[in-house]
Colleague: 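I'd like to ask you about the structure that follows.
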Amino acid sequence: MTSEETRCMIERIGRLKKEKRAAVLCHNYQRPEIYEVADFTGDSLGLCQKAQNVDCDIILFSGVYFMAESAAILNPGKKVIVPAMDAGCSLSDMITVEALLEKKKEHPDAAVVCYINSTADVKAESDICCTSSNAVEVVKSMKEKKILMVPDKNLAAFVAKQVPEKEIIAWDGFCPIHERITASYLRDALKNRPDTKIIAHPECTDDVRDMADYVVSTTKMVEVARNDSAKDFMVITECGMVNRMKGELPDKNFYTVCSVCFDMKKNTLEGIERSLITGQHEVVVPRQVRERAYKTFDRMFKVSATVGITPQLMEMT
Ligand code: SF4
């Protein structure tokens with residue numbers, strides 16, 4: 001598409017949103033042109049909190065499936081649609097509800113903390129949900145000493161280091177996108193850049209996280225770069241994030257060692273326009289699953305509110 005065609009499509013999507021009373025929630029890893037049609041851009045925690053009170057009839061979620069499912073769990077009265085039904089998450093696919101039930105039998109005294117990157121079924125069988133923004137506080141808040149953390153072993157290892165008083169049993173899942181970024185790639189990228197601060201996502205492996213100055217969720221990445229007096233930052237996560245950081249902090253320099261999540265990139269402006277016209281593809285969570293999964297979110301929100309973690313969202317105009 002030429003830039004003029006893109007501009008026209010963005011305008012058409014803007015008109016469709018008004019006509020259908022639709023809001024577009026966009027994850028930080030989306031293509032930059034999608035930010036242009038988003039009402040809100042943020043990380044999983046910010047978007048799922050926003051999904052609870054956004055004033056609209058339709059939520060179009062530009063992210064991956066579990067995120068739209070989370071919006072549907074939190075908004076039973078609203079229609080939730082996605083542009084690409086096959087935009088999934090390899091990490092969330094690394095656990096099934098049947099396997100979780102088996103594991104719970106092995107550890108009947110453990111509380112189950114599930115990362116938001118999991119299916120509604122898995123959430124329904126968990127005690128509480130967490131995101132990369134609040135995982136440490138969520139685990140600290142549990143009364144049980146033993147915690148079964150699913151499905152990301154890297155996030156679990158990150159939490160275990162900061163909450164040594166808990167016994168963390170990690171599920172053997174991982175995000176293939178973050179796992180692909182190795183410490184040796186990072187060392188190469190840092191050659192001749194001695195003053196560069198490293199910001200990594202908790203889904204990165206131990207050795208990458210150990211090299212980082214900050215290990216934070218995607219939206220928190222913007223905040224730490226804004227508040228740090230350094231000018232140069234190496235951003236270690238999915239490739240889309242660095243575009244957002246460059247856009248928000250044009251006076252700083254951002255470099256990246258990153259990997260592309262092709263599922264995130266299945267969403268396009270064309271797909272968003274088509275979804276708004278046709279009302280497809282609707283994400284529906286069965287009531288029984290939804291009600292149980294909702295409780296895990298509700299507990300997480302209460303912990304977040306108690307420790308003062310506020311949603312990290314950027315309202316787009
Ligand atoms: Fe899932 Fe990893 Fe893609 Fe995020 S980057 S959606 S965790 S596969």
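Just so we're clear, the structure is a prediction, and the values are computed from it rather than from any experiment. Numbering of ligands and ligand atoms starts at 1, following listing order.
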Colleague: Identify whether the distance between the nearest side-chain nitrogen and carboxylate oxygen of Arg7 and Glu36 falls below 4.0 Å.
Modeller: yes
Colleague: With side-chain contact (heavy atoms from CB on, under 4.5 Å) as the test, pick out the partner of His201 among Glu238, Met241, Met221.
Modeller: Met221
Colleague: Any atoms of ligand 1 less than 4.0 Å from a non-hydrogen atom of Cys175? List them with their elements.
Modeller: 2 (Fe), 5 (S), 7 (S), 8 (S)
Colleague: Can you tell me if Asn117 contacts ligand 1 (heavy atom of the residue under 4.0 Å from the ligand)?
Modeller: yes
Colleague: Run the numbers for me: atoms of ligand 1, each under 4.0 Å from some heavy atom of Ser90, listed by number.
Modeller: 8 (S)
Colleague: Taking both backbone and side-chain atoms into account, decide whether Cys261 has an N/O/S atom under 2.8 Å from atom 3 (Fe) of ligand 1.
Modeller: yes
Colleague: Indicate yes or no: does Glu125 engage Arg292 in a salt bridge with an N to O separation below 4.0 Å.
Modeller: yes
Colleague: When you measure from the side chain of Asn134 to the backbone N and O of Cys130, does any donor-acceptor pair fall under 3.5 Å?
Modeller: no
Colleague: Under a 4.0 Å threshold between the charged nitrogen and the carboxylate oxygen, would Asp195 count as salt-bridged to Lys231?
Modeller: no
Colleague: Tell me the protein heavy atom at minimum distance from atom 1 (Fe) of ligand 1, and give that distance in Å.
Modeller: Cys89 SG, 2.4 Å
